[in-house]
There are 2 protein chains.
Amino acid sequence: MPAPAQEQKFQRRKEERPAEIMAAGLRIFANKGFAAARLEEVAEAAGVSKATIYLYFDSKADLFAAIVREIATPRFDEMERLLDTYDGPSADLLNFMIGKLKEIATGTELPALAKIILAESSNFPEIREFYRDHVILRGFANLSRVIERGIARGEFRECNVEAAAQEIIFPILMNTLARNTFGELPFFDPDGFFTAHAEFVARGLAADREA
Amino acid sequence: MPAPAQEQKFQRRKEERPAEIMAAGLRIFANKGFAAARLEEVAEAAGVSKATIYLYFDSKADLFAAIVREIATPRFDEMERLLDTYDGPSADLLNFMIGKLKEIATGTELPALAKIILAESSNFPEIREFYRDHVILRGFANLSRVIERGIARGEFRECNVEAAAQEIIFPILMNTLARNTFGELPFFDPDGFFTAHAEFVARGLAADREA
DNA sequence: GTCTATATAACGATAGAC
DNA sequence: GTCTATCGTTATATAGAC
């Protein structure tokens, strides 16, 4: 007699697979880092076989890159859309950017992936290069645009634009990494920090008042 | 007859050993990270046996902690000596501190060790706790003292002191880590950056001029 | 029946154990 | 220093959709 109501061995779900694999990969990478994450485990968490991963991604590094892109791209797109259309005060634009960066820092796993880049990219140059081109450079390009816009409009002082961009993003990133590493020490309290950071940046960039 | 001018199989050099082992350990840790560094290799680089390491250090983590302490302690001592005695403008004191931090960031391996803490301390809580207590908290305590001093003297504005301390140190640390990770991208040029950073911090902290 | 998404199983490099 | 287990990767078999 035939096996009653047998389970299917697998289902074909071409559309959903990549997203499911990326979601599983994100969890595993964020928890274990790049080298220690096993594709077997990713496959299991995604409910597919290891080989299926290779149908959609060329390699482990390619999967990692796809995950980074998935998180970063829509946020940058949104930023750039605003940068292209906004025409109010640069200080407001900057505050919007900082809010967006806060959201990325506290609401996505991108900082965990950044940590992986810091920690392991010497062993895996491919992921470092991808991250540099698609996150670092693109992020800094956007910040630089805001700063240059403010300078051009006389709202911000003349300054080293590259350095100023670092002043905006580095405290946010490092505060996030610190909390991620040392736990929620009162010292690193994010709410107070982000408010103070916005104020600090605004003062650091403000044009001198004419006497 | 006595063996003529025999070479000694080993030499007792109780005084020098710890420093030599720490120097070797620093190189290996900085290159490979904590988990991947093998004490066998440290021993070889220091010209001693693995057992000798255990004569002077309780464990791998203890060796790591000793190295961190060796680098950090004299710098903090010097900072604190100045903080105890200086009585000029707080802006100058802050510039001195930033110069000192730049020196630590660019002239020591402490950033490489900080990277290890970020990357691996979830697997090795002992080294995280040591680093937190002897580097993070002590460093922030000193920065906070400078900021509070400036506020008390009316040179700096009232602000979130913890956040301000992060504004001072995080860009320095992160710029260093970024150069360490991505190589010497022109974007992260340290000379321009440190100059701009000092200016940025000074403006961010400056008391409002009374109208 | 054909096409292809998916699983199973094998391969080769490499790191870790003894 | 050798052996072995593990894991990224690839080749082949099979099952599901149309």
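A, B, ... follow the sequence lines: proteins, then strands. Residue 1 opens every chain.
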inquiry  = For the aromatic rings, using the six-membered ring if either is Trp, is the centroid distance between A/Phe170 and B/Phe170 under 6.0 Å?
reply    = no
task = For A/Ala37, report the nucleic acid contact type (base, sugar-phosphate, nothing); a contact means any heavy atom under 4.0 Å.
result = sugar-phosphate
remark   = Assert: residue with more 5' nearest nucleotide on DNA chain D, out of A/Arg38 and A/Ala51, is A/Arg38
key: A/Tyr56 OH to D/dT9 P, straight-line distance once rounded to whole Å   = 18 Å
inquiry  = Among C/dA7, D/dG8, D/dG16, which nucleotide has an atom closest to any side-chain atom of A/Arg12?
reply    = D/dG16
inquiry  = Whether the side chain of B/His197 engages the backbone of B/Phe193 through a donor-acceptor N/O pair (distance < 3.5 Å, no angle test) should be reported.
reply    = no
request  = Grab the NZ-P distance between A/Lys14 and C/dT4 for me, whole Å please.
outcome  = 10 Å
key: Donor-acceptor pair present, A/Lys50 side chain and D/dT9 base, under 3.5 Å   = yes
query = Any sub-3.5 Å donor-acceptor pair from B/Thr85's side-chain atoms to B/Arg81's backbone N or O?
reply = yes
message = Using a heavy-atom cut-off of 4.0 Å across all strands, would you classify A/Phe57 as base, sugar-phosphate, or nothing?
response = nothing
inquiry  = Output the rounded distance in Å from CD (A/Glu44) to P (C/dA7).
reply    = 13 Å
query = So what does A/Leu39 hit on the nucleic acid, given a heavy-atom distance under 4.0 Å: a base, only sugar-phosphate, or nothing?
reply = sugar-phosphate
query = When the distance from CD of A/Glu15 to C1' of C/dA5 is rounded to whole Å, what number comes out?
reply = 12 Å
ask   = Among side-chain atoms of B/Asn31 and B/Arg27, is any donor-acceptor pair under 3.5 angstrom?
value = no
message = For a quick test of reading the model: is some side-chain N or O of A/Arg17 closer than 4.0 Å to OP1 or OP2 of C/dA5?
response = no
remark   = Of the candidates C/dA5, D/dG8, C/dA7, the side chain of A/Thr52 sits closest to C/dA7
request  = Send over the distance from A/Ile127 CD1 to D/dG8 P, rounded to a whole Å.
outcome  = 13 Å
request  = Measure from CZ on A/Phe64 to C1' on D/dG8 and round the result to the nearest Å.
outcome  = 17 Å
message = Rounded to whole Å, how long is the line connecting atom CD of B/Glu40 with atom C1' of C/dC18?
response = 14 Å
ask   = Do B/Glu103 and B/Ile98 have side chains that get closer than 4.5 Å, going by heavy atoms?
value = no
ask   = Can a side chain N or O of A/Tyr54 be found less than 4.0 Å away from OP1 or OP2 on C/dT6?
value = no
ask   = In whole Å, what is the span from the CD atom of A/Glu16 to the C1' atom of C/dT6?
value = 14 Å
query = Closest to the A/Val48 side chain: C/dT6, D/dT9, C/dA7?
reply = C/dA7
